Protein chains: 2
Amino acid sequence: MTEVLKSDDHDFRSRCSIARTLELVGDKWTLLIVRDLMWHDKHTFQALQNSAERVPSNILSERLKRLMNWGLVQRQTYQYRPVRYQYHLTDIGRALEPVLLQAMRWGHEHLEGGLFDPGGEQPDE
Amino acid sequence: MTEVLKSDDHDFRSRCSIARTLELVGDKWTLLIVRDLMWHDKHTFQALQNSAERVPSNILSERLKRLMNWGLVQRQTYQYRPVRYQYHLTDIGRALEPVLLQAMRWGHEHLEGGLFDPGGEQPDE
DNA sequence: TTTGTCACTTTCAAAATTAAAGTGACTATC
DNA sequence: GATAGTCACTTTAATTTTGAAAGTGACAAA
């Protein structure tokens with residue numbers, strides 16, 4: 001079973017597309033979750049939680065709900081008894097890849113010591 | 001007089017360049033300030049404050065300090081008695097343009113009704 | 001029966017954000 | 001020369017968000 005819930009009535013603070021994008025991904029965690037879903041094959045709550053930067057579980061839970069709500073992520077049940085879920089990016093979520101790549105490029109070029117590799121280090125799964 | 005203060009010892013939560021970039025610009029306001037400096041010819045505290053999304057003045061003050069601290073923005077005194085300042089992007093700050101463009105593109109394509117125009121609407125100066 | 005896993009939720013203190021008012025340096029006007 | 005106005009912020013206090021940690025419920029395996 002696949003759930004996609006998208007509520008289309010969000011109200012924005014301005015008509016600027018950047019401001020609108022930031023209302024959704026303008027925080028320290030959301031794009032890291034997208035990164036892990038897109039490149040690091042982390043698709044379960046557990047795997048996402050064990051990611052390099054150690055997102056708090058309540059934050060992860062809230063962000064995943066928001067991403068589902070906006071249609072960037074869908075959750076699917078991949079196993080019953082016990083029920084287990086996987087999170088996957090939708091086309092809308094995958095369309096953020098150039099944003100991630102540019103953020104990675106900027107960080108790599110202008111912040112010392114950062115990696116330039118979508119694969120990253122993957123310290124633990 | 002031009003001030004550029006850059007402290008090179010920031011500690012990051014991971015080696016991922018995206019995570020590092022987000023530690024600096026991962027919030028609702030910072031990239032909007034960069035947008036206004038880059039495209040909207042807003043260079044004084046007042047002009048930035050009057051921008052479309054109405055950033056609170058203490059947040060603006062704190063973000064400008066952070067951007068100066070990381071070397072993305074420099075402040076210059078353009079007038080004495082009374083002393084007045086202008087903020088400008090450095091090369092490092094300007095290098096964020098592709099990030100802004102991709103964020104704009106994504107918002108425009110996937111969030112209904114957003115503008116696709118670096119110039120924006122500029123409702124008041 | 002006990003232990004373990006997964007997918008969260010709850011709790012509560014600490015930190016960040018917000019709106020609003022205030023400050024200091026000056027200039028211009030009555 | 002007293003008052004009003006501008007710019008560049010800072011301070012204050014209430015609200016919201018974050019973060020670390022512990023807890024919960026559904027099951028499975030030993």
Side-chain angles (χ1 to χ4, degrees), chain A residues 1-3 5 11-14 19 22-33 36-37 41-69 73-88 124-125, chain B residues 1-3 5 11-14 19 22-33 36-37 41-69 73-88 124-125:
Chain A
M1 198 257 280
T2 294
E3 312 156 57
L5 14 143
D11 44 339
F12 299 101
R13 26 178 195 165
S14 85
L22 291 177
E23 281 182 63
L24 177 50
V25 302
D27 70 86
K28 256 172 52 189
W29 295 110
T30 304
L31 284 179
L32 297 186
I33 296 167
D36 287 342
L37 292 171
D41 285 318
K42 299 188 183 221
H43 297 284
T44 63
F45 194 93
Q46 197 85 357
L48 290 165
Q49 201 183 169
N50 289 340
S51 197
E53 295 84 6
R54 302 279 157 191
V55 54
S57 59
N58 53 343
I59 302 284
L60 175 58
S61 173
E62 198 266 321
R63 292 300 192 278
L64 285 170
K65 275 175 193 154
R66 193 161 76 189
L67 288 169
M68 290 172 68
N69 219 325
V73 164
Q74 60 187 63
R75 187 178 81 160
Q76 57 193 67
T77 306
Y78 72 97
Q79 180 194 292
Y80 291 94
R81 65 174 55 77
V83 59
R84 296 285 144 84
Y85 304 106
Q86 280 189 333
Y87 295 92
H88 286 276
D124 48 0
E125 297 298 312
Chain B
M1 199 257 279
T2 294
E3 312 156 57
L5 14 144
D11 45 338
F12 298 101
R13 22 173 200 170
S14 85
L22 291 177
E23 281 182 64
L24 177 51
V25 302
D27 69 86
K28 256 172 53 190
W29 296 110
T30 304
L31 285 179
L32 297 185
I33 296 167
D36 287 342
L37 291 172
D41 286 319
K42 299 188 182 223
H43 297 285
T44 63
F45 193 93
Q46 197 85 355
L48 290 165
Q49 200 183 169
N50 289 339
S51 197
E53 295 83 7
R54 301 280 157 190
V55 53
S57 59
N58 53 346
I59 301 285
L60 175 59
S61 174
E62 197 266 321
R63 292 301 191 277
L64 285 170
K65 276 174 193 154
R66 193 161 76 188
L67 289 169
M68 290 173 67
N69 218 326
V73 164
Q74 59 187 66
R75 186 178 81 160
Q76 57 193 67
T77 306
Y78 71 96
Q79 180 195 293
Y80 292 94
R81 61 175 52 81
V83 58
R84 295 287 144 83
Y85 305 107
Q86 281 189 333
Y87 295 93
H88 287 277
D124 47 359
E125 297 300 307

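Treat the numbers as computed from the prediction; the structure is a model and nothing was measured.
For Y85(B) against T44(B), the heavy-atom pair with the smallest separation is O-CG2, 3.7 Å. The shortest heavy-atom contact between K42(B) and A47(B) is CD-O, 3.5 Å. Shortest non-hydrogen contact noted between Y78(A) and Q86(A) is CD2-CG, 3.3 Å.
Q76(A) places its CD atom 18 Å from the P atom of dC6(C), with the value rounded to the nearest Å. Protein atom CZ of R75(A) is 16 Å distant from nucleotide atom P of dC6(C), rounded to whole Å. One can place NZ of K65(A) at 11 Å from C1' of dT10(C), the figure rounded to the nearest angstrom. Whole-Å rounding puts the D27(B) CG to dA15(C) P distance at 18 Å.
By the side-chain contact (heavy atoms from CB on, under 4.5 Å) test, E23(B) pairs with F12(B), R13(B), sequence neighbours left out. For Y87(A), the ring-ring contact (aromatic ring centres under 6.0 Å, His included) test picks out no residue, with sequence neighbours left out. Take S61(A) and apply the side-chain contact (heavy atoms from CB on, under 4.5 Å) test, not counting sequence neighbours, and it matches F45(A), K65(A).
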Between the protein and nucleotides 24-30 of chain C, are there any N/O to N/O pairs under 3.5 Å, and if so, what are the atom names and distances?
residue : atom : partner : partner atom : Å
dT27(C) : OP1  : R81(B)  : O            : 3.4

Audit row: V55(A), L32(A), side-chain contact (heavy atoms from CB on, under 4.5 Å) steps and yes/no: CA-CA 9 Å; V55(A) 54; L32(A) 297 186; over 6 Å; no
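Taking 4.5 Å as the limit, some side-chain heavy atom of L48(B) sits within range of a side-chain heavy atom of L64(B). At a threshold of 4.5 Å between non-hydrogen side-chain atoms, the residues R66(B) and I33(B) do not count as touching. With contacts defined as side-chain heavy-atom distances shorter than 4.5 Å, the pair L37(A)/H43(A) qualifies.
Taking 4.0 Å as the cutoff to heavy atoms of chain A, we find the contact window on DNA chain D bounded by dT18(D) to dA28(D).
Interface residues of residues 55-62 of chain A facing DNA chain D, ordered by number: P56(A), S57(A), N58(A), I59(A); criterion, heavy-atom separation under 4.0 Å.
If R63(A) and Q79(A) are placed on DNA chain D by their nearest nucleotide, the residue sitting closer to the 5' end is R63(A).
Side-chain N or O atoms of Q79(B) include one that pairs as donor or acceptor with a backbone N or O of P82(B) at under 3.5 Å.
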